[in-house]
Every structure is written in C-alpha cells, then in structure tokens.
Amino acid sequence: MAHARPIATTRSATGIPTGRLAVWWVLASEVVIFGGLLGSYLMHRLGHPEWADAAAHTQTWIGAVNTFVLLTSSFTAVLGHQAAEKGDGKTAAKYLVLTMGGAATFLIIKSYEWTNEILHGYTITANTFWSFYYTAAGLHALHVIAGAIIMGFVAFDAYRGRELHRVELIGIYWHFVDVVWIFLFPLLYIAK
Amino acid sequence: MSEHQDGHHVNYRNVYLILVVLFLVSVAGPELGIRWLTLVTAFGIAIVKANLVIQNFMHLKWEKRLMKWMLTTSLILMFLMVAGVSPDVLNHEGRNWENLAAQAAVERGVEGEGEGGEVAAEEVVAEAGFNAAQTFNLVCATCHGTSGAGDGPAGVLLDPRPASFTDPAFWETRDMDRIRAVIRDGAASVGGSSLMVAWGASFSEEEIGALADHVASFRPPE
Amino acid sequence: MADTAVEVHHGHHAHGDHDHGPSGILKYIWSTDHKIIAMQYLFTGMFMGVIGAFMAYVFRMQLAFPGISVPGYGQVSPGEYNALITNHGTIMIFWVAMPVLIAAFGNFLIPLMIGADDMVFPRINRLSYQVFLLSAIVLLVSLFVEGGGFGGAWTAYPPLSAVGEYNQTDLGSTLWLVAVALEFVAFLLGGINFITTLMNSRAPGMRAYDIPLVLWLIVIASILFMLSVGPLIAGAIMLLFDQTIGTGFYDPARGGDPILWQHLFWFFGHPEVYVVLLPAIGITIDVIATFARKKVFGYKLMLYTTVATGVLSFFVWAHHQFIAGIDPRMANVFTVTTLLISVPIAELCFVIIATLYGGSIRLTTPMLWALAFMAEFLIGGVTGIFLGASGSDIYFHDTYFVLAHFHYTFFPIAIIGTFAAFTYWFPKMFGKMMNETLGKIHFWGTIIPFNVIFIPLFVLGMGGQHRRIYNFEHFPEIATAAHFQLRQIATIALLVMLAFQLVFFYNCIMSWLKGPKAGKNPWKANTLEWTAESPPPHGNWPEGLPSVYRGPYEYGHPDREEDYWPQHLPG
C-alpha cells in the first residue's frame, strides 16, 4: 500500500468518521436497489394470485436454515467489531473468518437448494415467479460473495493489527446483507 | 480509528438470542395455517428482527441523526415508488381497458396443475383454438390488407410495397415452404426487404403453418 | 495546534514525493489525483459529445433531405436512423452531461473549494473513472457489432427492447444496456466520494453555509442520483434477463408488465434531469456572483429551494407516461405535482435575477454563458407547462414539441452550463487565460443558431410532427414544402453551430499553448480554489491547507476597500 492517505480522509466535520459515513451512503443506495427489485416483485405477486402454485415449491426449511446461518454470522461479525474496538486485532480477525464461514455455508446450502430446484424444472425461465426468485436471491447472493471477499481483506489486515476501524465498516455492510435476507425469507419462502 | 462509543453497552449475545427466538416463531407461525397469522408473524417479525439488527448490531441507535434521516428517506422513497406504480401493475382492468394477456395468464395459472412450471404462451393460444384469419386481420392486414392485396393502410407508405397475395405473379416465384420461412424468419432471411420482420417469436410452427395457409387462400384461381 | 501539526506532516510528504507511484505518461493513467481524474472525465465527456453531435448532424441531414447520402456517413437506413437517435440521446445524457457537469467539475472543484488536498477516497475515485471509461467503450462497441447499435430510443421500452426479433439489434441492445449499467455503477462510486468529501473534509471554519452553492448543488445532485437509480438498476437487470435468457419480466403473457419498466425508468428518469440541472444552476450562480460583484440574494433560500426541488422531483415521474395507459387517477396527481415543481425552479430564477439587480456587471465570456443559461432555460421551463398538464399533453406527447422542450432545457444544462464552467475555471485548470474575443464569437455563434434550430421544431411539433420517424415524406400532411423548409432551416442552423465550435477548440488550444499567464485569481473571486496556484500542484496547497473565516459571496462589502473578500483571509 504505497498510497499516502490524503488529509481530506482524516477530517470529520460531521463527527462521523469518513469510512463509516461512506458505508452508510452505500447502504442507502443498496436500499433503493433492493427496494426496487423487491417492490416490483411484491406488486407482481399481489397481482398474480396464481403464482401461489409456483411459490409452493420453494423449500421453506432450507430457507429457514439459511436465515439462521446469516443471523449467526451477523452475531459473529458484531463480536468481531467488539474485539476490534478493544484493539484486539487477532480476535477480530478470528470472528471475521467465522463470519466468512457463515457466508460460505449460506452459499453452499443455496447451491444445493438451487440445484435441486433446477433439476425439478423450476428454472429461471419456467415462470415469472421463479424469474423473480432467482433474480432477487441471486442479487443477494452476489452481495454475500462480495461482502465475504472484502471481509477477507479486512481480516487479513486486522490480524496484523492494521486498519482495525474497517472491521466495523465491513460489519455494517454485512448486517445489511443479513437484513435484506430477513425480508427475502418471508417474501419468497413463507408468505407465498 | 474506531471511536470508543461509551455509554452504550449492548449485550450482543442477548440480542442474538432474541433474534433466534423471533426467527423460530416466524418459522412456526405458518405451520398453524392461519393466513393472517402467517402474514403477521412473517412480516411483522421480519420488521422487528431487522430493527434489532439495524439498531444494535449496526449501531444506528447511537449514530448521528443525519444518517437515520437519510436511511429513512431511502426507505420512504421505496414506499412512494410502490404506491405510485401499483395502480398500474396490480390492476388488470380499468373503466375502459383490460389487460387481456395478463388476465389470460392468471386464468391459466389458476386452472393449471399447480406444478409450478409455466404453461407456454404458444400452448395457450393452441388451447384457445388459433384463428388464422383473425390473427391475419389483426397482425398482417395493416400492411397486406384484409383482402391480401398488399393495400393495407400502413403498407401504402412502404418501399418496397407489401406483397400482394392476389397477384398471380407473386405465386410464380413462391412455394409454401418459402412463405412459412418468410413469416418465421423475416423476408431478409430469404433476400427480401427487412420491412417484413420475423414473427417466429410470436407464433408456433403450427400457427405459422395456419397463417401460411390463410395467405394461400388469397391466391387467385388458375 | 492540530492544524500546524497537520500542515507540517503534509509538507514533509510533499518534499519526498516518492510514494506517488509511476511517472511519465503512466502517471496520468494511474493517477489518483482528483484534478487528473477530473481532466479524464472532462476529455472523455467532450469526446463523446463530439460523437453525439456527429450523430445529430447525420440524422438531421436525413430529416431535412430524406434519402440523401450524408457527407461523411452515407445513406441512412431506417434501422440506422433509430440507432442514431437512440444513441444520440443516451450519449448526451449519460456520457456528456453527467461526466462533464458532475464528475469533471465535481472532481476538480470539490477538494479545491473546500480546502482539502484530495477526495477522501482517491483510489475509488480512480476506479470510478475506469468503470466509466469501460462503459463508454462498451457503448461505442455496441454501435459496430452485427445488427448495429440499439435503436429502441434512450427510454428502451419493452417489448421492443426486450425481444431481439423486434429490435433486430440483439447484440447491440444488450451491450447498450450493459454500458448504461456500468455508467450507473461508475457514478454511484463517484457520488459516494463527492458526498462524503463535502460532508466531512471541509477546511477548519467552513460551516455548512460557507460552502459555495455550486458544491452544494453538485452534491445534492449526487444524492438525487443515488436515491433514484436503484429501481432502474433492478429494472435493468430484469430487462437484461429478458433480453438474454428469455425471462418474462416485461411480457404480459408470462405474467410480466411492460408498464413496470416505464415506471422504473421514469422513477429514475425524472430525478435524473434534476441531477444534471442542479450542477448547471450551481455553476451559473457562482459565475454570476463573481461577475456581478454581488452577494447571492438568499443563499439559504436557494439551498432550501433546491432541496425542495429535489424532493418534489420524486413525485412527478409519471408525466412521461400520461398516454401510456396509466391509471388516469394517477395522471391527475402527477399533473398537479408537475405543475407545482415549476414553482421552486422559478424561484431559483428570481433569486438569480435579484442577485444581478444592482450588481456591478462585467460581461465576460463566462458571464455571457451564465446569463444565456437563464434565458434559454426559462424558455425550456415554460414550454414544459404544456406537457405537464395532462390534457394538452395528450396532443403534444411524442411530438417535436416535447423534443424542442427538452432541448431547450438540456442544451442549456449540458452545453451552455459546460461552457460557462469551462471558460470560468479554465485559468485555474490550465494556468492560462482564454481569449475573450474568440470566446464571444463562439458564444454568439452557438446561442443564435441554437435558437434557430429548435424554434422551428416547436412549430413543427405543434403542427403534429411525430418523434422518432426517419422520413416525413411518408406523412403527406406534414410533408409539404413549407414543412421541409422548416426542417432544413433547423438543420442548416445546426451546421452553422457545429462550425462555430471550431472557434472554441482553436481558442482552447491556442490559449493553452500561448495564452497569457493567469495568475492565482484572475477574476478576483472569493472562493478557495482561487488561492491555489494555477494549475494547482499535487496536494493543492503544499504550503499548508487554508482555513475559512467567512461565506463565499462577500462581494461589495462596505467595510472593505476591495470589492471582494476572499474566504481564507483572517479578520
């Protein structure tokens, strides 16, 4: 990292540290992206009661397990933040790695779930319900992957005692990913 | 550079346990099979869980008011969007209009076997009984004319003019295969004008055959 | 004092510049310096502007002289015509107006005007440009693939845009969509930088109301963009899937709805026009304050009015869909909100006029551009009333009246606003003064032809001439000699206007090479950028970052001998 940090980055006229301020703005834009997609789905679903037949085939138990996995990974993420606040980089990194493990578990379970569904003929083009299902859950999964990758870099630095404030930042992003799933789960799996 | 946010000591483990309990309730609720209860537990609990995560794990509770306003604004915008768009997307009919295709899709789905797979649009039309003459008048006659003479209202403006199926000269160089090919892939595919577009995406092979037969019905007797 | 320690630290850095990466030409490609990134956006935007202008030249020639072999292009087929008008619009909005007004001037001005040494995230800044450049390349490639460029209008309504058999540009339409999506990502990344930098990195002493209005407006525009683009990104993903893998998001027979796309598009599309408008207004205010030597009349009024406009802009989108088959009850609502939004904009105009009143006006080239912005945008704005009222819109929708209206708004925004900013900040960016005479020749050579192009189009629109038609000879009622004369007048005026742009390019190059040195503050302005060297070095103020003691518009202060009072001077 040969790059000098500008003085601009260290200032804080609002009282919120720059990095955290930026993450909140990222989340604001993500809210409208997912909001647009989920809002579109909701409107279509309400206008198409016959999709209930298609939706009956989403696997609620697998979705529930994944919900639990993400909830737990949020817990480990915030424990990582707690450790980082105390300056304990190694513990923070450990918790971040656990969170990444949660992400990996989530993705593996989802791969199994989707493979199952595709083999049964519920593909993305089978029915517009399934189109929404794969698109929404897929966009979410992309965010899980991206988050896990960034978390890896943060954990790497944290283990060496560097840039500990980033643990909180990637944590905030991670909790958001969890919150999106908290709404996706009832939308796609429960209130079908 | 993480500030030590004193004055708030969240017991993260307790929050997590509450979240798990709520999660179990939200999964158990639907099992009771009461629809309104399902919706309340599913979405109501989702809101509560999300709130717990946002306030406690993301520390929004202790964040500057500015950011709370900002995030609330983006959420409100989403409600605004859904409110503004719903009257169009949710309705399939109004005072002077009907969305026939959507209504047909709903009926198909409701009557369907419940397998969750799609009944293709082409099959639907086949079920309803494809009427080649009606389709020709709706789709083709604008250019080719209802009598197939190439004199449809839109056709007069085109260059080259649309083919006239009542002209014997037309039939000297066409056979049924070529007519079906032109309907399916467009005239450009056989070296003709790109003004006759491809319709293969809209009609099945049987329907194209029926349309070609209808075109042939305009052929003048020998 | 923390400031001193910071200054010393920074001075130490400036001495041994070893951590600033490669040198030579690579320095420009890999630089994270906000001024270099600004230049990259500026030149890419201007290059794309030339391409967009060329497209306009070609299709206007076809309209005025149907069937002609256009010099430099050849004959225009109907499909090519559609691709030209589609990409003209798309390029001018996404690859000219936004990068130049927001990304280029935002990048250049924000750190300089708030007294910072760079943006808060220089590497994300660089990434945003790289993504942007990629998007431009993808867009240009889409024009040359098999089938040609996408021709379904910049609004890309399905099913035309979703089904390759309909639009006949299978690959082109997908590449177009991908290019637009990439551009959105680039501006999301850039926007976060701008917002965070303005919020956090201001000089000591610079309170919220000491920020120059141009920066406020650029950042509010970034916020508007960020909050409105989300649903369209979702919609674009759905359209992409419809195009490539055969989903039915917008196909009613498959349970989708094409009107959904329209709503998602315009929910973004309307705030988008304010996204580009606000920076142009901001530039206009700052230029006018400097050359009227007068405080802005009602700084807070302008700020709150702008915020109100931004909020209201989210409530008007369906006025683009009045005859698309939307629920008529919604049309009522949107008529009211659309007419309402003209009120804050009118108020902004009045505040600017009040700023001019009693000022000591110097008609320099930037000032001429700023004044022209007001006059031309006013015409654009009032013609919008006819379109916002759903009753009259039933007639006007999709006619050239709409087209003339939005060119009377977009042209002031994207072109006049750019020239105002460029001629004003050229001395700071390049260290030389532009030639005033050439500047004025270019100004009149642009403004007069501009009006001669679009006033005939209002007339033609009122006469019922429809948009997106490649040859009006096919419509006998509007194919008379008189009609064609109007089209030809408009086209010839375009040729004249394009010719005068050569004066601008000549002026730029000669001034850069041989113009008189500009010094730090040739316009005797108050804001912080005029205290740095021209052009500013890396880090902007190697000798130490400034602090701020007053607002940005202290012109003509009674206690001062000079008629200006720079922000950074103590006491």
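Computed over heavy atoms, backbone and side chain alike; hydrogens, waters and symmetry mates excluded. Naming convention: chains lettered A, B, ... in sequence-line order (proteins, then strands); numbering from 1 in each chain.
Nearest heavy atom pair, residue A/Val26 against residue C/Ile192, reads CG2-CD1, 3.2 Å. For the residue pair C/Arg254 and A/Thr125, the shortest heavy atom distance occurs at NH2-O, 3.2 Å. Here the shortest heavy-atom pairing between C/Asp117 and A/Ala8 reads OD1-N, 3.0 Å. Shown here for A/Ile16 and C/Asn200, the closest heavy-atom pair between the two residues is O-ND2, 2.8 Å. The minimum heavy-atom distance between A/Trp25 and C/Met199, with the atom names listed, is NE1-SD, 3.4 Å. Among all heavy-atom pairs drawn from C/Thr247 and A/Ser131, the shortest one is CG2-OG, 3.5 Å.
Side chains of C/Phe249 and A/Thr135 form a contact here, defined as non-hydrogen atoms less than 4.5 Å apart. The shortest distance between side-chain heavy atoms of C/Asp257 and A/Met43 does not fall below 4.5 Å. You'll find the side chain of C/Val120 stays beyond 4.5 Å of the side chain of A/Arg11, heavy atoms only.
If you take CD1 on C/Ile233 and CG on A/Leu37, they are separated by 11.0 Å, rounding to the nearest 0.5 Å. Atom OG1 of A/Thr14 is separated from atom CZ of C/Arg202 by 8.0 Å, given to the nearest 0.5 angstrom. With rounding to the nearest 0.5 angstrom, the CG atom of A/Leu139 is 5.0 Å from the CD1 atom of C/Ile237.
Residue C/Met238 touches chain A through its side chain alone, counting heavy-atom pairs closer than 4.5 Å. A/Leu38 does not touch chain C: none of its heavy atoms, backbone or side chain, sits under 4.5 Å away. If you measure heavy-atom distances from A/Phe129 to chain C, you find no contacts under 4.5 Å at all.
Within a 6.0 Å radius of OH in C/Tyr549, more than 12 heavy atoms belonging to other residues, nucleotides or ligands are found.
When each of C/Ile124, C/Leu189, C/Asn193, C/Ile223 is checked for heavy-atom pairs under 4.5 Å with chain A, C/Ile223 comes out on top. Chosen from A/Gly35, A/Gly39, A/Gly36, A/Ala22, the residue pairing most often with chain C at heavy-atom distances under 4.5 Å is A/Ala22. Comparing A/Gly47, A/Gly19, A/Ser40, A/Ala28 by how many heavy-atom pairs each has under 4.5 Å with chain C, the most go to A/Ser40.
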### Message
Could you go through A/Ile124 and C/Ile245, starting from their C-alpha distance and side-chain angles, then the distance that decides it, and tell me whether this counts as side-chain contact (heavy atoms from CB on, under 4.5 Å)?
### Response
CA-CA 8 Å; A/Ile124 192 171; C/Ile245 60 181; 3.8 Å; yes
